[in-house]
Amino acid sequence: MEKAKEAIKENSMIIQKNMLAKQFHELSQARELGRKVVYTFVPGNLTELILSFDMVPVYPEINALQNGMRKKSGSYIKDAEKIGYSEDVCTYVKCDIGMMLNGNIGPTGEKLPPPDLLLLSYTGCFTFLKWFENLEKMYPGVPVAMLHTPYQEDGKIAPEQLSYMVRQLREEVIPKMEQVSGKKYDEARLKTMLKRSAEAEDLLVKILESAKNVPTPIDAYFAGVYYIGPIFTAFRGTADAVEYYTELWSEVQQRMKLGLGPVTPEGEIKEQKFRLVVEGPPNWTNFREFWKIFYDMGAVIVASSYTKVGGVYDMGFRHNPDEPLESLSKYCMGCYTNMNLPQRVSMLEGYVKEYKADGFLINSIKSCNSFSAGQLMIMREIEQRCSVPVGFIESDLVDPRYFSYANIKNRLESYFQMLEQRKAILTEI
Amino acid sequence: MSELINILKECEDLAFDLHFTAARKWKAEKAGRILTGYLPVYVPREIIHAAGGLPVGIMGAGDRKQIIKGDAYYQSYICHLPRGVIEMALDDNLDGFDGFIFPAICDCIRNLSGMFKLSKKGSFQRYFDYPQNFDPLTGGTFYREEMQKLIDDMVKINGAQVTTDKLNKAIALYNRNRELIETIYNIRQEYPWRLSAVDTYHILRAGLVIPVERHNEMLERVVQIISKERGNPMDNIRVVVTGSFCEQPPIGLIKSIEMAGCYIVDDDFMLGSRFIKSAVDDATADPLGALTAAYITQSDFASFYYDIGNPKGKRLAQLVKRRKADGVIFSAASFCDPALLDRPQMQKECDEAGIPHINFQYHESTGQFKVIKEQAGTFSDSIKLWV
Ligand code: SF4
Ligand code: SF4
């Protein structure tokens, strides 16, 4: 049994590890191999389109979070502050700028190539705009393709928003990609990729929805960030991604069959005492310690909003090869932080109910206005609509100065006590 | 002279009347009138006017209202403005408003629109998305559709007919408003002692809460009065203040800068009233097209406006030159990502252009100005020493 469990864990992880190693290697060789490099953002990314031009994407947020996990972000942030970036602003931006100031050495220790194109797909976060305006000045002469994604103001994607997006893709983004890559737009190739994207997306949804089971075979937040990795970044649309999700789904099915819980760095969670829905990104600088607090308390995360920043596939969206540009546009507009607050609340309310959660917790990130502004109202709404205990903790993505272990642990312990008491009362009734 | 004092007093009262008494009175005078509140920075007020509405600028509670409930809605690391606005919405300050517009300047304002939606404040709560694509057919079409949504929201309430004629008239009124404000800035550039920065601030801010016709009358009189010599010149340096386009600095801060020996010859405090830099066509068969063209081609530089190809720092340096200013004060609200993320690059541009600068952060209810005054004083002294 122990052996089987380790084998299950290793397989999908090994596949992902190899995919990442290959990608970083390709990046470090991009110049030699004549591959053009596109810097772009995770939410609303156009990975398939980039890959269809044989270009390689780089996601500054991913570098920042990996630098956070590898304890490098603290000094990068300080270096950015030394040249005038305020303590108050998004630490992803400062971490990225600090990394550039230090030679643009990526998280794996290999030098990252400079961009040939800055693709400003500006979805769900205003800071993206500021971030690339800054990068553009640091890489003078590098073309910028702007894709302004309209916000889902009315809680839906309006036809005029869709035509605005498609027009920008046709007239701004694709011509710039053609110019930089020296290749023509190949719609047939894009369609093949979008078909693979949809296959992987189907599998991801099954994996995420497996958490509706009691006990859940996955953790949809801490482990969830690994699960979304390939599909939210450079691999969507590739055969590698389909292979990864096929493998992961078979592992999850196996765990369900055996009645096993999520695998964590500390081992398998034996007793699942609390099922939670979490809103907000995790902290990366102390990720493992953070996760362990939940593990120690027997808390599993059954659904999270963070695993939807790169697409809300569980709400039905799939990339569609039959309408490639429309589908890319809808994808960009559909990402979680591009949804209006009432939509966000309804989605979270649905999660608490459908995933039979005992509680709702917010990890509020100092850096991120896109997520954080309005969260206290979200919390009140969920409390009223779902009648479950709500909790609130604060940290930052990659600034270690804002992760106070003792503080967070204390707060979480009180929160879990509250959940415990409520469970006891409910059992008595 | 006493006429100016009266105007200034009236403007000061209007600027900080957080119950918007004048606006409510205007609405009560005639059936079908509506009040449309808008958050910073810019909305084409012309369309509100043409739809029988009064555009009312909601610039936050400043240091004029104690924030109690608002703090329960916002974490400490979010700027101050939205918590003041929520406090006002939860109290009775915004009662009587028919709808609200939230321009696309940052994620705080964007999410605030959702908070208003969830609390069902007003008949409409519209996020007004500025296109960041400036092709007339792409971004232009989008902008026009955004304006149309606003018109539809208002017409749903009062059934107004928004005609070409009404739009052209509104454009003409706001053209005049912008022209008069620019004239005041031009006079102040040469003779800053004739009207203090604080008085200028009150005059402009008052214009956000009263009908444009009335504001234009006031501005005409102010221009006439300050076209003649008044006050005494001081040995002050001239500065441009930038970064305060949304959450407003407290009056004490503006006063401190002046008292420390700096004439403020340009600023972005009421950027929305000055955002369109030249006259919009007011005799056109397509006024929405004219307003679109104004946004696309005649906008000022701003932190919420995509600047590739037309960098803000360069435009700031040009402004400094045009206003014959000695330096720049970067003054941004704490936790204001748009302003603060622009600052390093803009400072770099200033350095390259040989423009001295200092910076500080504030929040709208800051009460202590000693440090800022000292900083501005040292800045002024150092410039006087070297110029
Ligand atoms: S504000 Fe939030 S979403 Fe935007 S770049 Fe920073 S961390 Fe990402
Ligand atoms: S002060 Fe800055 S961050 Fe705050 S609402 Fe205004 S623009 Fe947004």
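Here the structure is a predicted model, which means the values were calculated and not measured. Chain A is the first sequence line, chain B the second, and so forth, proteins listed ahead of strands; every chain is numbered from 1.
Proximity to chain B is absent for every atom of A/Ile378, based on heavy atoms less than 4.5 angstrom apart. Contact of A/Asn340 with chain B is made through the side chain alone, with heavy-atom distances under 4.5 Å. Only the backbone of B/Ala104 comes within contact range of chain A, with at least one heavy atom under 4.5 Å from a heavy atom of that chain. Both the backbone and the side chain of B/Pro131 come within less than 4.5 Å of a heavy atom in chain A. Only the side chain of A/Leu129 comes within contact range of chain B, judged by heavy atoms closer than 4.5 Å. Interface remark: A/Glu171 contributes side-chain atoms only to the contact with chain B (heavy atom separation under 4.5 Å). At a 4.5 Å heavy-atom cutoff, the contact between B/Thr138 and chain A is made by backbone and side-chain atoms alike. At a 4.5 Å heavy-atom cutoff, the contact between A/Ile365 and chain B is made by backbone atoms alone.
Taking the six-membered ring for Trp and the full ring otherwise, A/His148 and B/Tyr130 have centroids separated by 6.0 Å or more. Here the two rings, on B/Phe100 and B/Tyr127, have centers that are 6.0 Å apart or farther.
Under a cutoff of 6.0 Å and an axis angle of 45°, B/Arg343 and A/Tyr85 do not form a cation-pi pair.
Counting heavy atoms from C-beta on, the side chains of A/Lys130 and A/Val89 never come closer than 4.5 Å. Between A/Ile157 and A/Gln152, the closest side-chain pair of non-hydrogen atoms falls below 4.5 Å. Looking at A/Thr337 and A/Phe371, their side chains come closer than 4.5 Å, going by heavy atoms from C-beta outward. The shortest distance between side-chain heavy atoms of B/Val85 and B/Leu112 falls below 4.5 Å. Taking 4.5 Å as the limit, some side-chain heavy atom of B/Leu137 sits within range of a side-chain heavy atom of A/Arg167.
Residues passing the side chain to side chain contact (heavy atoms under 4.5 Å, CB included) test with B/Asp286 are B/Arg144, B/Thr284, B/Leu288, sequence neighbours excluded. For B/Tyr143, the ring-ring contact (aromatic ring centres under 6.0 Å, His included) partners are B/Phe128, B/Tyr295, not counting sequence neighbours.
No other option in B/Gln125, B/Lys312, B/Gln345, B/Glu146 has as many heavy-atom pairs under 4.5 Å with chain A as B/Gln345. Chain A forms the most heavy-atom pairs under 4.5 Å with one residue out of B/Asp337, B/Leu340, B/Ile105, B/Asp129, and that residue is B/Asp337. Per-residue counts of heavy-atom pairs under 4.5 Å with chain B were compared for A/Gln375, A/Arg380, A/Glu160; the largest is that of A/Arg380. When each of A/Met146, A/Glu381, A/Gln168 is scored by its heavy-atom pairs under 4.5 Å with chain B, the top score falls to A/Met146. Of the listed residues (B/Ile308, B/Asn359, B/Ile78), the one with the most heavy-atom contacts under 4.5 Å to chain A is B/Ile308. Interface check for chain B: of the options A/Asp88, A/Thr127, A/Leu341, A/Leu376, the most heavy-atom pairs under 4.5 Å are formed by A/Asp88. In terms of heavy-atom pairs under 4.5 Å with chain A, the best-connected choice from B/Lys348, B/Gln75, B/Glu145, B/Gln347 is B/Gln75. Note on B/Tyr77, B/Tyr306, B/Phe335: by heavy-atom pairs under 4.5 Å with chain A, the leading option is B/Tyr77. Taking chain B as the reference chain and counting heavy-atom pairs below 4.5 Å, the highest number among A/Cys90, A/Cys125, A/Ser163 is found for A/Cys125. The candidate from A/Glu87, A/Glu153, A/Lys366, A/Met138 with the greatest count of non-hydrogen atom pairs under 4.5 Å with chain B is A/Glu153.
Contact residues of residues 342-352 of chain A toward chain B are A/Pro342, A/Arg344, A/Val345 (heavy-atom distance under 4.5 Å). Among the residues in residues 117-124 of chain B, those with a non-hydrogen atom closer than 4.5 angstrom to a non-hydrogen atom of chain A are B/Lys117, B/Leu118, B/Ser119.
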* To do: Before giving the answer on ring-ring contact (aromatic ring centres under 6.0 Å, His included), spell out for A/Phe132 and A/Tyr39 the whole-Å C-alpha distance, their side-chain angles and the decisive distance to 0.1 Å.
  => CA-CA 9 Å; A/Phe132 269 26; A/Tyr39 282 21; 7.3 Å; no
_Worked verdict on B/Gln361 versus A/Ser86 for side-chain hydrogen bond (donor to acceptor under 3.5 Å, both in side chains)_ = CA-CA 10 Å; B/Gln361 284 175 221; A/Ser86 164; 3.2 Å; yes
Could you go through B/Tyr305 and B/Phe134, starting from their C-alpha distance and side-chain angles, then the distance that decides it, and tell me whether this counts as ring-ring contact (aromatic ring centres under 6.0 Å, His included)? CA-CA 10 Å; B/Tyr305 197 84; B/Phe134 303 108; 4.7 Å; yes
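Within the 3.5 Å criterion, the main-chain N or O of A/Arg170 finds no donor-acceptor partner in the side chain of A/Tyr185.
Taking a cutoff of 4.0 Å between a charged side-chain nitrogen and a carboxylate oxygen, A/Asp79 and A/Lys82 qualify as a salt bridge.
Taking the six-membered ring for Trp and thresholds of 30 and 60 degrees, A/Phe41 and A/Phe128 have nearly parallel ring planes, at less than 30 degrees apart. Using bins of under 30°, 30° to 60° and over 60° for the plane-to-plane angle, the ring pair B/His80/B/His363 lands in the parallel bin.
Across A/Asp399, A/Thr91, A/Val398, a single residue satisfies side chain to side chain contact (heavy atoms under 4.5 Å, CB included) together with A/Trp284, and that is A/Val398.
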